[in-house]
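Worksheet: the structure to be examined is printed underneath.
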Number of protein chains: 2
Amino acid sequence: MKVLTKKTDYAIRALLMLGAKQGSYISAKSIAVEQDMPYQFLRGVLQEMIRHDLIISKEGVQGGFMLAKDPDEIRVRQLIEIFQGTVQVSECMFRKQICANRSRCVLRHEIMRIEEVVNNEFEKVTIGKLLRMLSAEGNMRPALKDGEAPDPQTRQTGIMN
Amino acid sequence: MKVLTKKTDYAIRALLMLGAKQGSYISAKSIAVEQDMPYQFLRGVLQEMIRHDLIISKEGVQGGFMLAKDPDEIRVRQLIEIFQGTVQVSECMFRKQICANRSRCVLRHEIMRIEEVVNNEFEKVTIGKLLRMLSAEGNMRPALKDGEAPDPQTRQTGIMN
DNA sequence: CCAAACTGATACTATCTTGATATCAATTAA
DNA sequence: TTAATTGATATCAAGATAGTATCAGTTTGG
Ligand code: FES
Ligand code: FES
């Protein structure tokens, strides 16, 4: 079971980059290069976030993207909703035979409670919170220079594979 | 985001049927018919559960499947693990640039905590618990007779669509 | 003004996961 | 002995996710 898909993953990381340089426009290309994401794919993700008013854009030379709101108001929960849809229990359980009364179904009840817990937790995690953690712990890394290979050390330690 | 896949869904429902008639062998066919599941697909699910010692089987005429343990010891969590694998946060986040130190990463920390909460909750839900709820609330329904159409009333009310 | 650096929009392809089917051998009860 | 059953496995279909390509429109700096 995968909690975060690539789109959500890329979205969060892109937002963190924008959050780290608030006030200036950052191009999709620079994000893609620095964070090693597929350019066109990332662009789609960014456009989706524009539609949801999380970021704004400027076209043309020197254009790019910028946060549209306070990082503390951008919640991972919303990102998950945007890119992965709301949590669904199962297409269904217990069709005909069982569960004559849906509202009283235990399993359904349990699962909806769990769903709520998960949502509440992701609600608490904001881009702002993540940004503060990153800067506080000095985890921010310099971008790769042109043609430079990613540090293999980093690949193994700092990263979830 | 889908919490339970078809396999887990079918597994739970099959186990409930077995649990409702403990001590006798129930054939895959009768489960498939009664619960309206694809026969061969269900068989795969049942075999997987045999491999994990949740049920036992008897071959040949009058053969079928039977619970291998107390319903209270069959946990939805284990079923999810069997059919959907353990919860994965994301294939990865924050590769090169960010998260030099994986163990200190906020997001990772948050997500793992959430994962634990979810697992704990599903751990509590057992087949036995579900069985008791079902019988207590009179939710058990008679099987469909040959060629009989599912009650449309039931389709709309008793069921999660 | 024009070329280059950008985003907007959208269509397409590839890959992976899930869901479903099909087949054949082995077993067992009547 | 035959029909009902499971064991094992191979294959296919459908859907979701991931990634690519293209072209039109906008902006800026020379
Ligand atoms: S599981 Fe759907 S109503 Fe009970
Ligand atoms: S998200 Fe992977 S280590 Fe932080």
Side-chain angles (χ1 to χ4, degrees), chain A residues 1-11 13-14 18 24-33 35-52 54-66 68 79-80 82-88 90-93, chain B residues 1-11 13-14 18 24-33 35-66 68 79-80 82-88 90-93 95:
Chain A
M1 187 197 269
K2 198 183 292 174
V3 177
L4 302 182
T5 63
K6 292 282 180 191
K7 281 189 179 177
T8 313
D9 174 333
Y10 295 162
R13 285 156 59 199
L18 299 186
S24 55
Y25 286 99
I26 316 284
S27 74
K29 190 176 180 186
S30 67
I31 298 175
V33 169
Q35 298 283 338
D36 190 31
M37 304 168 185
Y39 175 61
Q40 296 293 0
F41 193 62
L42 170 64
R43 296 225 296 137
V45 169
L46 291 167
Q47 288 193 29
E48 191 69 29
M49 290 200 282
I50 285 181
R51 281 178 219 119
H52 287 84
L54 296 177
I55 59 180
I56 56 173
S57 66
K58 195 178 96 173
E59 287 179 83
V61 179
Q62 306 276 23
F65 302 86
M66 195 188 286
L79 297 173
I80 292 178
I82 291 172
F83 295 108
Q84 309 181 38
T86 48
V87 176
Q88 284 194 315
S90 162
E91 202 148 303
C92 177
M93 296 213 74
Chain B
M1 185 197 269
K2 197 182 294 176
V3 177
L4 302 183
T5 62
K6 291 284 181 189
K7 281 189 179 177
T8 313
D9 174 333
Y10 295 161
R13 284 156 61 199
L18 299 186
S24 56
Y25 285 99
I26 317 284
S27 73
K29 190 175 180 188
S30 67
I31 298 175
V33 169
Q35 297 283 339
D36 189 30
M37 303 168 184
Y39 175 62
Q40 296 293 0
F41 193 62
L42 169 64
R43 295 224 297 137
V45 169
L46 290 168
Q47 287 193 30
E48 191 70 29
M49 290 199 283
I50 285 181
R51 279 178 221 120
H52 286 84
D53 299 313
L54 296 177
I55 59 180
I56 56 172
S57 65
K58 195 178 94 174
E59 287 179 84
V61 178
Q62 306 277 23
F65 303 86
M66 197 189 284
L79 297 172
I80 292 177
I82 291 172
F83 295 109
Q84 309 180 39
T86 48
V87 176
Q88 282 194 314
S90 162
E91 201 149 302
C92 176
M93 295 213 75
R95 272 142 276 246

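The figures that follow rest on heavy atoms only: side chains count, while hydrogens, waters and symmetry mates do not. Naming convention: chains lettered A, B, ... in sequence-line order (proteins, then strands); numbering from 1 in each chain.
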Taking it one step at a time, do A:Lys7 and A:Leu79 satisfy side-chain contact (heavy atoms from CB on, under 4.5 Å)? CA-CA 9 Å; A:Lys7 281 189 179 177; A:Leu79 297 173; over 6 Å; no

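Remark: A:Phe41 engages A:Tyr10 in a ring-ring contact (aromatic ring centres under 6.0 Å, His included) (not counting sequence neighbours). Under the rule for a side chain to side chain contact (heavy atoms under 4.5 Å, CB included), the partners of B:Glu48 that lie at least two apart in sequence or sit in another chain are B:Arg51, B:His52, B:Ile82, B:Phe83. Judged as a side chain to side chain contact (heavy atoms under 4.5 Å, CB included), and not counting sequence neighbours, the contacts of B:Tyr39 are B:Ala28, B:Lys29, B:Ala32, B:Arg43.
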Atom pairs under 3.5 Å: protein N/O with N/O of nucleotides 1-4 of chain C:
none

Filtered N/O pairs between nucleotides 9-11 of chain C and protein, under 3.5 Å:
{"from": "C:dA9", "atom 1": "N7", "to": "A:Gln47", "atom 2": "NE2", "distance (Å)": "3.4"}
{"from": "C:dA9", "atom 1": "N6", "to": "A:Arg43", "atom 2": "NH2", "distance (Å)": "3.3"}

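Nucleic acid contact for B:Ile50: sugar-phosphate only, since backbone atoms but no base atoms lie under 4.0 Å from a heavy atom of the residue. Residue contacts for B:Phe65: at a heavy-atom cut-off of 4.0 Å it reaches the sugar-phosphate backbone alone, with no base atom in range.
Following rounding to the nearest Å, B:Ile56 (CD1) and C:dT27 (C1') show an atom-to-atom distance of 16 Å. When the C1' atom of C:dG8 is taken as reference, atom CZ of A:Phe41 falls 18 Å away, rounded to whole Å. C:dC6 atom P lies 14 Å from atom CG of A:Leu46, rounded to whole Å. Look at CE on B:Met37: it is 14 Å from C1' on C:dG19, rounded to the nearest Å.
Mapping A:Lys29 and B:Lys7 onto DNA chain C by nearest heavy atom places A:Lys29 at the nucleotide closer to the 5' end. Nearest-nucleotide mapping onto DNA chain D: of A:Gly60 and A:Leu42, the residue sitting toward the 5' end is A:Leu42. Heavy-atom distances to DNA chain C give each of B:Tyr39 and B:Gln62 a nearest nucleotide, and the one nearer the 5′ end belongs to B:Tyr39.
Here B:Leu42 contributes atom CG and B:Gln47 contributes atom CD; the two are 10.0 Å apart, rounded to the nearest 0.5 Å. Taken from CD in B:Gln35 to CZ in B:Arg13, the straight-line distance is 5.0 Å, to the nearest 0.5 Å.
When all heavy atoms of B:Ile55 and B:Leu46 are compared, the closest pair comes out as CD1-O, 3.4 Å. Of all heavy-atom pairs spanning A:Ala14 and A:Met37, the tightest one is N-CE, 4.2 Å. Between A:Phe65 and A:Leu18, the shortest heavy-atom contact is O-CD2, 3.5 Å. Between B:Thr5 and B:Gln84 the shortest heavy-atom distance is N-NE2, 3.2 Å.
Contact footprint of chain A on DNA chain D: nucleotides with an atom under 4.0 Å from a non-hydrogen protein atom, first to last in 5' to 3' order, D:dA18 to D:dT28.
One finds a side-chain N or O of B:Thr5 lying less than 4.0 angstrom from the OP1 or OP2 phosphate oxygen of C:dG19.
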